[in-house]
Number of protein chains: 2
Amino acid sequence: MEIEKQEIEKRMAHFETICRKRGIKMTQQRVLIYREVACSGDHPDAEKIFQRVRERLPTVSLDTVYRTLWLLNDLGLIKTLGLGRERSRFEANLSGHHHFVCDQCGIIRDFYSTELDNFTLPDAVVDSQGKIKTTHFEVHGVCPNCVAEKTPQNSSYQ
Amino acid sequence: MEIEKQEIEKRMAHFETICRKRGIKMTQQRVLIYREVACSGDHPDAEKIFQRVRERLPTVSLDTVYRTLWLLNDLGLIKTLGLGRERSRFEANLSGHHHFVCDQCGIIRDFYSTELDNFTLPDAVVDSQGKIKTTHFEVHGVCPNCVAEKTPQNSSYQ
DNA sequence: TTTAATGCAAAAGATTTGCAACATG
DNA sequence: CATGTTGCAAATCTTTTGCATTAAA
């Protein structure tokens, strides 16, 4: 699943715009690292991005890749899958449910919705993606606590 | 958000059933670790579970907590939030989209659905959970590749 | 030329493993 | 009692940081 050339151009242009606007230097490393993510349809991890960038720029270091990825993330140019910088979290609730994640304090609350459970994906999606086993809706936002207080519940969370 | 006593009893009973059936020893540590997750409504990470279990069993060690959590996960008694054992993965696709995750080979594919984008959560959910910013649907299953081949594309993925 | 960014090496953090001692069934 | 499980300590793996050097604007 490769990204279209035109889309990549668009992304690179946006990258440049944001860097200019924020006074972020467009280094060789940053351009290559961003381009690598922009070109990848497979949601790579830091190590994989490092390996791929190194093919073009053998002197690049892994710590630069990490620094750059989080910078790009903070700039809103890329996104993280899963829990981002957080470690794995666990739950014993096995009944089908969904999650509300507070982006401010990190709290995750379960909620139930039969509408969501019964939601049927378009055939096109089912056919192209494969055999579906479970579905899960994730809502991101700000929890009532953090909405009320100006200071987030847990300020260490980012 | 505490779990009801009755629900916890039910979970503990299920835990016991599975252990019996699979010939897994019900050690003090496993009971306490499972109970801790079963009682927690806050989706704790390994370290937090370790701290809480240690209050009741000061000699428990962090590596036992890790071993037990993954065991419970493999037994289907608990679930992981986020990417599980995997590291953070990144994407540059900023347009609203959803993910199909193949549980067999780990591939993650984007898909689009205006129905999902326009899906409005019940008011009750919105009110109790807070201010909503983004939503994301995650579908788990087996990708066409893995359905076709008996052997998964990437057998190292678990 | 000024300031920020990189690469290196080392530190820190998180998770896993080998193994002797121990507890469970 | 036999075997699987634990705790410890050490190893491993991943990510971050301090600092002198280098490169971008």
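This one's a predicted model, so the numbers in the text were calculated from it and none came from an experiment. Just the heavy atoms: all of them, side chains too, but no hydrogens, waters or symmetry mates, feed the values below. Here is the naming used below: chain letters follow the sequence lines, and residue numbers restart at 1 for every chain.
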**Fill in**
A:Leu62 CG to D:dT14 P, in whole Å, measures 9 Å
**Fill in**
Between CG of A:Leu69 and P of D:dT14 the distance, given in whole Å, is 15 Å
**Prompt:** Between A:Phe111 and A:His98, how do the two ring planes meet: parallel, tilted or perpendicular, split at 30° and 60°?
**Reply:** tilted
**Asked** Charged N to carboxylate O below 4.0 Å: is that the case for A:Asp42 and A:Arg52?
**Response** yes
**Message:** Holding to side-chain hydrogen bond (donor to acceptor under 3.5 Å, both in side chains), I want the full list of residues that pass it with B:Thr135, two or more places apart in sequence or in another chain.
**Reply:** none
**Fill in**
When rounded to whole Å, the CD to P distance for the pair A:Glu86 and C:dA14 reads 12 Å
**Prompt:** In terms of the angle between their ring planes, are A:His43 and B:His99 parallel, tilted or perpendicular, with boundaries placed at 30° and 60°?
**Reply:** perpendicular
**Prompt:** Which whole-number value in Å describes the distance from A:Asn73 CG to D:dT16 P?
**Reply:** 11 Å
**Prompt:** To the nearest angstrom, how far is B:Arg85 atom CZ from D:dT14 atom P?
**Reply:** 13 Å
**Asked** In B/S/- notation, 5' to 3', how is nucleotides 6-11 of chain D contacted by protein heavy atoms closer than 4.0 Å?
**Response** BBBB--
**Asked** Mapping B:Met26 and B:Trp70 onto DNA chain C by nearest heavy atom, which one lands closer to the 5' end?
**Response** B:Trp70
**Request:** Specify the closest pair of heavy atoms between B:Gly76 and A:Leu94, including all atoms of both residues, with the distance to one decimal.
**Result:** O-CD1, 3.5 Å
**Message:** Using whole Å, what does the distance between atom C1' of nucleotide D:dT14 and atom CD of A:Gln51 come to?
**Reply:** 14 Å
**Prompt:** Do the side chains of B:Val31 and B:Met12 get nearer than 4.5 Å, heavy atoms only?
**Reply:** yes
**Request:** Taking only the side-chain heavy atoms of B:Lys25 (C-beta and beyond), determine which of C:dA14, D:dA23, C:dA23 contains the nearest atom.
**Result:** C:dA23
**Asked** Can you find a side chain N or O atom of A:Arg20 that sits less than 4.0 Å from OP1 or OP2 on D:dA25?
**Response** no
**Item:** Mutual orientation of the aromatic rings belonging to B:Tyr112 and B:His97 [parallel < 30°, tilted 30-60°, perpendicular > 60°]
**Value:** tilted
**Request:** For B:Lys21 and C:dG25, give me the distance from atom NZ to atom P, rounded to whole Å.
**Result:** 18 Å
**Request:** Mind calculating the distance between CD1 (A:Ile24) and C1' (D:dA23) to the nearest angstrom?
**Result:** 16 Å
**Complete:** Sorted by position of nearest nucleotide on DNA chain D, 5' first, the leading residue of B:Gly23 and B:Ser88 is B:Gly23
